[in-house]
2 protein chains.
Amino acid sequence: MTSDPIQTPRNSYRHGDLRGALLQAGLDMAREGGPDAVVLREATRRAGVSPNAAYRHFADRQALLHAVSNAALGMVADRIQVEVDAVATGPDPRADAHAQLRAVGEGYIAFAREDPGLFRAAFSVPDNLQNANDAAKAGEAGLTPFQQVGRALDALLAAGALTAERRQNAEFLAWSAVHGLGMLVIDGPLRGLDERMIRSATDRLLDMVERGI
Amino acid sequence: MTSDPIQTPRNSYRHGDLRGALLQAGLDMAREGGPDAVVLREATRRAGVSPNAAYRHFADRQALLHAVSNAALGMVADRIQVEVDAVATGPDPRADAHAQLRAVGEGYIAFAREDPGLFRAAFSVPDNLQNANDAAKAGEAGLTPFQQVGRALDALLAAGALTAERRQNAEFLAWSAVHGLGMLVIDGPLRGLDERMIRSATDRLLDMVERGI
DNA sequence: CTTAGAATGTGTACACTGTCCACAATGGCA
DNA sequence: TGCCATTGTGGACAGTGTACACATTCTAAG
């Protein structure tokens, strides 16, 4: 397969939105091959532009990868939001809060399974707590995945399902569990397990989080 | 720093143990730069041999990386074993079993923190359940990390601290939690947290596993 | 002990990558 | 209108993985 989307040859010297085009190309490449597959030159090729043009918008390959990572995290947030929004709220705020936290986990794992390449790309760039709430990593709702977990935990606290002490830094625990499962499912020992096994593992993992947080 | 270990220029045409030398070089590179830093040509350079010589021992770069990954997993196993062996056994087999499981987690996290590059390399190669017990991934005690978790869980079962039903596939849960924490600590949002924070997160995570498994 | 052939290492070559530098086209603003 | 900051181009270089043909050495069969 050649690298040729329908891409009109561009009639003006300027591209118009090269940065966006490169990012999109990067996302496409990451989707099919993970972080290692995002290649600067190939991105410029897909954008119909010379290799060096990329350097007007990204300091280097790593910077492009970083942008891809951020965008992918935004997609994770969107996928999570789908699950969260689908939660039917009932009369019991406690149950609602639990369901919300589970939904976050479900969305996270769903994204990892549906788009393993993007998932790996999302976490291929070293990060830290300061940047975890960077708006560039947010989904359409304006929240980063990390913040979504936080919201769900806040809801648990508000519903009285969690003491203030346990609430403290609980995102680390929930996040670790779900992130670990995601990694193991896409290219760890759990890879290739059938749907049923993975569903079961996910359910039990979320049980563990609920019970153990 | 140039790439020049004391490496005698080798007087015979044959190397003697080129495969081993390449693997060692790969491990060295992985240690300082993670999986992406393991470069075929550089490995041959360090072994004092021409680039193509590597192909007599590894099908391609990926094969070398795979070998590095396996060896690194063996080191994880060794690090875990140190913690497990350090557990003082008491009169209560139940408490002992719990302590053993915690030790596995502690060792895992310790390795990730002490050797993040090797840790990342260890999990950079797609794997699956069939291979999780491959002897090539085992440490000196002959167990792979995955098997070590299994042993600890078996001990919990034997001590009556876990029902047979809960024991089933419990490695997935424990592994996910610990693996996730490891990843987040070395280059996720938890990166750069101070010693105390990480200790606390580890302790609470292991609490969660004990309680929630 | 010789010698054929299997193992192992070398040399040359190619396509591809990231990135640097000097130059060209363009668009907006004084 | 004309200047100049922005954005894209062209050419170049070092470094990478890997293929192919060739050289050296070890080993085992006669």
Check: Can you tell me how far C1' of C:dT10 sits from CG of B:Leu18, to the nearest Å?
Finding: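 B:Leu18 atom CG is separated from C:dT10 atom C1' by 13 Å.
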Next item on the list: Please check if any side-chain donor atom of B:Gln81 sits under 3.5 Å from a side-chain acceptor atom of B:Glu140, or the reverse.
Entry: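 Note: B:Gln81 and B:Glu140 side chains miss the donor-acceptor criterion.
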Next item on the list: Starting at atom CZ of A:Arg56, determine the distance to atom P of C:dA24, rounded to an integer number of angstrom.
Entry: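 From A:Arg56 CZ to C:dA24 P: 14 Å.
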Margin query: Parallel, tilted or perpendicular: which one describes the rings of A:Phe123 and A:Tyr108, with boundaries at 30° and 60°?
Written below: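 Plane angle between 30° and 60°, so tilted.
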Notebook entry, point to check: Under the salt bridge (charged side-chain N to carboxylate O under 4.0 Å, His left out) criterion, do B:Arg113 and B:Glu195 qualify, and how do the steps go?
Noted result: CA-CA 10 Å; B:Arg113 296 190 58 205; B:Glu195 170 70 22; 3.1 Å; yes
Check: Rounded to whole angstrom units, what separation is found between the CG atom of A:Asn52 and the P atom of D:dT6?
Finding: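 From A:Asn52 CG to D:dT6 P: 18 Å.
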Note to self: Please determine whether a side-chain nitrogen or oxygen atom of B:His57 lies at a distance below 4.0 Å from atom OP1 or OP2 of C:dG9.
What the structure shows: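 Indeed, a polar side-chain atom of B:His57 lies that close.
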Next item on the list: Provide, to the nearest angstrom, the distance between the CG atom belonging to B:Leu22 and the P atom belonging to C:dT8.
Entry: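 Result: 13 Å.
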Check: What integer distance in Å separates A:His15:NE2 from C:dT26:P?
Finding: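 Rounding to the nearest Å, NE2 of A:His15 and P of C:dT26 are 16 Å apart.
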Checklist line | Side chains of B:Leu118 and B:Met75 in contact at under 4.5 Å (non-hydrogen atoms) | finding: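 Heavy-atom side-chain distance check passes, below 4.5 Å.
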Note to self: Strictly below 4.0 Å, N to O, side chains only: are B:Asp28 and B:Arg31 in salt-bridge contact?
What the structure shows: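 Result for this pair is yes, salt bridge flagged.
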Notebook entry, point to check: CZ of B:Arg45 versus P of C:dT10: gap in Å, rounded?
Noted result: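 The answer, rounded to whole Å, is 14 Å.
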Notebook entry, point to check: Using a heavy-atom distance cut-off of less than 4.0 Å, which residues of residues 58-68 of chain B contact DNA chain D?
Noted result: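 Heavy-atom cutoff 4.0 Å gives B:Asp60, B:Arg61.
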Item checked: A:Arg199/A:Glu106 salt bridge by N-O under 4.0 Å criterion ->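 Yes, this pair counts.
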Check: What nucleotide, of C:dT8, C:dC21, D:dT7, holds the atom closest to the side chain of B:Arg14?
Finding: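 Nearest to the side-chain atoms of B:Arg14, counting from C-beta on, is C:dT8.
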Item checked: Short N-O contact, B:Arg102 and B:Glu83, less than 4.0 angstrom ->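 No, this pair does not count.
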Next item on the list: Residues of residues 34-41 of chain A with any non-hydrogen atom less than 4.0 angstrom from an atom of DNA chain C: list those, numerically ordered, please.
Entry: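 Close to the strand are A:Val39, A:Leu40, A:Arg41.
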Checklist line | Candidates D:dT9, D:dT24, D:dT18 - which lies nearest the side chain of B:Tyr55 | finding: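 Of the candidates, D:dT18 comes closest.
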Margin query: Pair B:Arg120, B:Asp115 - check salt bridge (charged side-chain N to carboxylate O under 4.0 Å, His left out), show working.
Written below: CA-CA 9 Å; B:Arg120 293 215 307 275; B:Asp115 257 318; over 6 Å; no
Check: Do B:His66 and B:Phe58 have ring centres separated by under 6.0 Å?
Finding: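 They do not qualify: ring centres at least 6.0 Å apart.
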